[in-house]
Amino acid sequence: MAVYFDHRIEAPESTDVPSQLTWHAAFPVLAVASSRAAAGGTVDLYLQQGEHVESCHLERPHQPTVLHWHPTKPVLAVGWENGEVVLLTHPSGDQTVLPSTHAACIALLEWSSSGSRLVTGDQFGALAVWKVDARGRLQGNYLVKHEYNNPLTCCIFRPASPGDDVAMLARASVSGDESALDMFSWKGAPLKMGPQEGLAFYVSTADGKVHSVDEHCKTSTLLSVDGEIKNLFYLEKREALAVITETMMLSQYSLGPEGGAQEFLKVKLSSKSGQNVDIVWTDNSLLITAAGEQVIRLWDLERDDNYVLALDETLGFERGEMINCVSYCAGKQLLTAGTNLGRIAMWRMVVQPGSRGGDTKTQWKLQTPTEIGGNVTCLQWGSSLNLLAANNSNTALILWEHVMSAHFSQQVAAVQLTPTHLSVTQFATGVHLALQSDIHIKGVCVTKDSVTVWSGKQVTVYELSGTALRNTGSFPCDSHVVAVHGENLYTVEPNRVQIRTPQGTVKQLLTFSKAEGNPILLSVCQSYLVVGTDTAHIRVFDLSRRYNAKAHCNAKNLAEQIANLGGLRSVKCNANGSQISILISQVNGRPDHKVYFYDVEMDTVTHFDFFIGRPSSGIAQLEESERQQFQVTELSGRCPVSHFWDECEPRLFVCETMSVGSESSSTSFFDMVDVSVVTLFCTQEHGLLLQDCYPKPAGLQALLALDVPYYYFSCKVWIEITTQPPRGGPAQFPHMVSRRPLRDFVGLENCEKSTRDAMLNFSFYLTIGDMDEAFKAIKLIKSKAVWENMARMCVKTRRLDVARVCLGNMGNARAAKALKEAEAEPEPEAQVAMLAIQLGMLEDAEKLYKSCQRYDLLNIFYQASGQWQKALETAEVYDRIHLRTTSYSYAKYLESMGDKTLAITYYENSDTHKVEVPRMLQDDTLSLEVYVSKMKDKNIYKWWAQYLESQSDMDSALRFYECAQDYLSLVRVHCYMGNIQKASEIANDTGDRAASYHLARHYEGHDDIKQAVHFYTRAQAYNNAIRLCKENGLDDQLMNLALLSNPEDMMEAACYYEEKGTHMDRAVIHSKSFHKGAGYVSKALELAFATQQFSALQMIAEDLNENSDPALLARCSDFFITHSQYEKAVELLVAAKKYHQALELCVAQNLTITEELAERMTVTDSKDLSEEARKELLERIADCCINTICTIYLTGDTEKIVFFANVCRQKELFIMAANYLQSLDWRKNPEILKTIIGFYTKGRAPDLLAGFYEACAQVEIDDYQNYEKALDALTEAAKCLSKTKDSSTGQQEVRLAKLQHKITLIKKFVHARRLYVEDAGEAVRLCEGLLEEPDLDPAVRIGDAFGFLVEHHCQQGNFQMAYRKLEELQKLLPMQNIRYYISQSSLEALKKEMGELMDRGDNRHSVKDDDEVEEDLNVS
């Protein structure tokens, strides 16, 4: 919690009531203008505590109208009533009067963002633009002057268009960001540097017009509105302009790139009529107005939202109190408002995550008001220190924030409430006192006997005597920090610490060397004083002697031990002076995430890093366990805020931490929610050991101290504090300190010292894992409360072995049994969670289940503890497999609680409503009927109809059976009621099989055979229908039913016809269906042959295959040969494995041997044919195919050639086919190319394949000049040629050597062409070397090599050399057209440069070309 100290400005006596206030943006300098109706006005400058700067005083016989500070330099522009403009420089007081330009009252002054331009304007409409140098000095006369002929009202500069942030890119480059580094390198695109400041601006006039002035000071009218313009604002995110008129009409205009403005929003702002409205515009597009009402109004222009903030009487405001003015501090995110009763209201902005992802919600929290008296008419935030200036109609005041002081020591606590009030609590006696000081309290220090306060200029000491406070001494002192031990006070001044009496007498000086620096921090614990200096040195003094302090150790320079140390924030020592804890700030000014510990005896520095949750060396002695990993997770990502040692136990240390994300927030630390209190054991032997970590309880402000068995906190109490005590007694304040027991002392707060020491030792030994010493420490304790407390401790430390002992001493058999059963869980956290549940530590159990992600057990835990909403949420997100079960359990719970309406909802969610809801509502028939009608569920309809049927309400039952579409029940009830006709209609219309079967049984029972057979058929109960047909001689229907039924029924029907000896034609016609379906194919064939039913035989033969009887297959094949159906006969012969006969039949009847047929005949199973017979069969097939393919060659049918080659799979056929395909245009058809390569590969002819690859390579060179593809082809050729078996002649080796040489030459040429981009000279040298090769031309055409050189010389501009190479090529190839090898662009460039020489060469070429044409013609 913070308070605001106010300082009245030390105004000269000649000044009058302030009329205007304005802060410099960076420097803590306030400009105040005062007006006097008769004697003119003055302008004065004041420092942060109200000190008057005498050198900076302006006085004129006219009144000042406008004040505006330079954005970066301490230069104030002052506009006067007579049109004069003065530049006042602080602190020198230099005054620069601008050349006389304005003849009327100055209406506006505006600086550009960097201060290089100043715009001045007056009431006659004259506007001037001035240039100012980097030091804030005027540069000659104005740059331009415009006359608008109407009073000027507002002016704003347009921000510069964003460019690359060079500083940000530089930092990113240093940190290793390659993309940022590329933006600085010469390889990247040039940086887009935006202008340093925007020089274009907008100015408004009283007639409602807004004019745009560009960077070159050219003006144009941008827009026009109705009424005088009161304010202009620029919305940078939207690139829009907001205009507010005197009638509070808000218009927003989008600004186009060409300079136009388009209105997109217009709204009337609410305000109190006849009042002067104070308007504030924030950087996050928030518009705030105060118009003498009890509320302030806010419009969020980004979110198109608006709301009001009102004063709260419970915080000290009065009913009817009006708000006159507002001001917003972006650095603190504070909105302040001044009231007519002299109070300053403050709202702190709190940004909370919204319900939707990425959305945020802004809330404003009203703080305790600050009273300054009078009527607050103006508020102004400013300077880098975020100071607040206020005008209360009498004078100007400067307010600056001060964090309220608090201190605890020796069972006495003091907490500051207001700048002059303290709340003092004595816990030993329970006495609560209020202290009102006559100074502004900047710090407080308490002991059991005294309370010491200081303001930075004075120190006052109060003695605690019973229930009263008595002033025992007060003396002037500039020390900003004070410590107290016994009757001694310790104050600081440069290079020394003073030991004083309560009256201020200096008793002793503790001096510090220049290297050790100036003392800035003091802290006392027991009889030890630790001092921290501004050079990061610490010294410890022993105060146990009454009259003088003795150095306990040498000065320690922490900068040598701690990297990146910027300064000390806080130092504290433990009870025996052996350990010093230190908080530091880094070089960049940010607080460090570590707490450092200096061991005085060992002269070593260790630390605990709250960002990673680990110490520098501690815990090394312990095994890395699941418990420690969990604790590290809890502690990581945090930053220490304050730290304390126990006043009696030197091992116990506590630190208050907050999350790193909250650390940089502008929100006050005391308002933070994510604050944790961490307790550590610190020893030489074991280092730093985590003892406990728990979140700060709600409603508490900040940690004050640790004094076993309690933590002490300051409280959050928001209450009006009266500045004067009530008459007849001291001021009364609420208790501002609250204490909470340590985890190990819950329930043992009032135990004796021996038990307290035993518990501390037990906790320490348990933390280090020394169980023998831990049990020794508590072996004499008999109290069940102590054992229960130790069992609770085991939950935090996760020591289940110790917990079992504690439960045994407690006699808690139920908890011991539950812990034993929990051992079946694989996660240790789940076992510990069960222990926590048994001990009533439900929050810890919840955290443990979450940490091990056992959401099923967490769900059960929530259900058992009655937290049904959490259980449902957990099941919905994490435990969906138990979602329906959870909903069902909650529904049962609601039913037991009598909430049947909500229970129905969750029965439906669990999908058990069809049974559970009727059961639940069975005693409430009316509600049940309403539910059934509402649900419209078929199952529920059916259940309700059955219920009505059991109640003999047949008509209603029929209606609900019909709604449920339960046709069986409808037919059943109608049959029961005798409505047979209606039942028949339902069965026929719906086709329901169950209903039809029931009705058929009914007809059969009443001897209506025809109807019974009909409905048995509709029910697909064919065996029952066949039975009735056989029993009643219905042979016609029997045949149809048998065809519809299964094979057994078909066989039964066939036997029935065969036994009767009648209808044999029907038996034969449908024999396929009867006998095939029954598995009696031979029987069907015999019957077909016997009755000469060849059509049936045809149908049966269609389904014969290799699994059929060979004899049947042979008999059927003979039948098909007889009837000239040779293809079918061949199929049957192959199925019968009579391959020779099938092949003979193919040859005799000239049948095509398909690939499938050939595969079936070329069997591999030796059981079918001997190996000799198989080879003979394959040879005959091959002979047939060779003869066939030779015939096809003559026809030129490529598809058949490829087909038969693939069918025969003979080497000779593959080679023949490949040779044939080479005669085709394989260059343009990639499929033929692939087929050729495949056939040569299958034909095992690598030498032929190598020749084909060589041909491909030559085509690539001759037709496309693509040497890369030619090289690939020749490489493949070499691979193929290397696989060829060489004959004794050695020709193969010679061919392979020539091919390798050819590849080498092409590789050199390809390498030269690729190298040209990087090193053209080396590429040309390689190419010229190639031309010296004697046998180059077969591999690389000479024309291509010379063409490469000619192209190079042309690109280099060496046309003489290019022409010589061209002539040399012509001599080497006199009969060829050399233009083929050189690009057209190079030829044109040569012709342009060489002129006649190229023309003569062209004539020679043309003559040769003509001769070649004539020769060709003569030959033809």
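Sequential numbering from 1 along the given sequence is applied to the chain's residues.
Screening residues 789-847 for ring pair (Phe, Tyr, Trp, His ring centres under 6.0 Å), with sequence neighbours left out, gives no hits.
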Per-pair distances, 0.1 Å, donor-acceptor, side chain in residues 869-877, under 3.5 Å, sequence neighbours excluded:
{"unit_1": "Lys870", "atom_1": "NZ", "unit_2": "Gln867", "atom_2": "OE1", "d": "3.4"}
{"unit_1": "Thr874", "atom_1": "OG1", "unit_2": "Lys870", "atom_2": "O", "d": "2.8"}
{"unit_1": "Glu876", "atom_1": "OE2", "unit_2": "Arg880", "atom_2": "NH1", "d": "2.9"}

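With hydrogens and angles left out, the side-chain atoms of Glu601 and Ser578 include no donor and acceptor closer than 3.5 Å. Judged by distance alone, the side chains of Asp603 and Tyr598 do bring a donor and an acceptor atom under 3.5 Å apart. With no hydrogens or angles considered, a side-chain donor-acceptor pair links Asn761 and Arg651 at under 3.5 Å. Residues Asn859 and Thr886 bring a donor and an acceptor atom of their side chains to less than 3.5 Å of each other. Side-chain contact, Thr679 with Tyr711: a donor N or O sits under 3.5 Å from an acceptor N or O. If you check the side chains of Asp599 and Gln579, you find a donor sitting under 3.5 Å from an acceptor. Remark: the Tyr878 side chain and the Gln853 side chain contain no N/O donor-acceptor pair separated by less than 3.5 Å.
Residue Asp592 comes nearest to Cys639 through the heavy atom pair O-SG, 3.6 Å, listed as atom of the first residue, atom of the second, then distance.
Under the rule for a side-chain contact (heavy atoms from CB on, under 4.5 Å), the partners of Arg569 that lie at least two apart in sequence or sit in another chain are Leu583, Ser585, Pro591. With sequence neighbours left out, Tyr893 forms a side-chain contact (heavy atoms from CB on, under 4.5 Å) with Trp868, Tyr890, Ser896, Met897. Legend: residues meeting ring pair (Phe, Tyr, Trp, His ring centres under 6.0 Å) with Phe745, ordered by chain and number and at least two apart, are absent. Under the salt bridge (charged side-chain N to carboxylate O under 4.0 Å, His left out) criterion, Asp924 pairs with no residue, sequence neighbours left out.
Within the 4.5 Å cutoff, side-chain heavy atoms of Arg798 are placed close to those of Glu829. You'll find the side chain of Glu649 reaches within 4.5 Å of the side chain of Leu760, heavy atoms only. Side-chain contact between Phe597 and Phe653 is present, with at least one heavy-atom pair separated by less than 4.5 Å.
Between Phe608 and Phe610, the ring planes lie tilted relative to each other; the angle falls in the 30° to 60° range. In this pair, Phe681 and Phe764 present their aromatic rings perpendicular. The plane angle is above 60°, beyond the 30 to 60° band.
Lys696 places a side-chain N or O within donor-acceptor distance of the main-chain N or O of Gln701, the cut-off being under 3.5 Å. In this structure, the side chain of Asp646 engages the main chain of Val708 through a donor-acceptor pair within 3.5 Å.
Here the OG1 atom belonging to Thr767 is positioned 9.0 Å from the CZ atom belonging to Phe762, to the nearest 0.5 angstrom.
For the pair Glu846 and Lys850, the salt-bridge criterion is met [side-chain N within less than 4.0 Å of a carboxylate O]. One finds a salt bridge joining Glu895 and Arg919 here, because a Lys/Arg side-chain nitrogen approaches an Asp/Glu carboxylate oxygen to under 4.0 Å.
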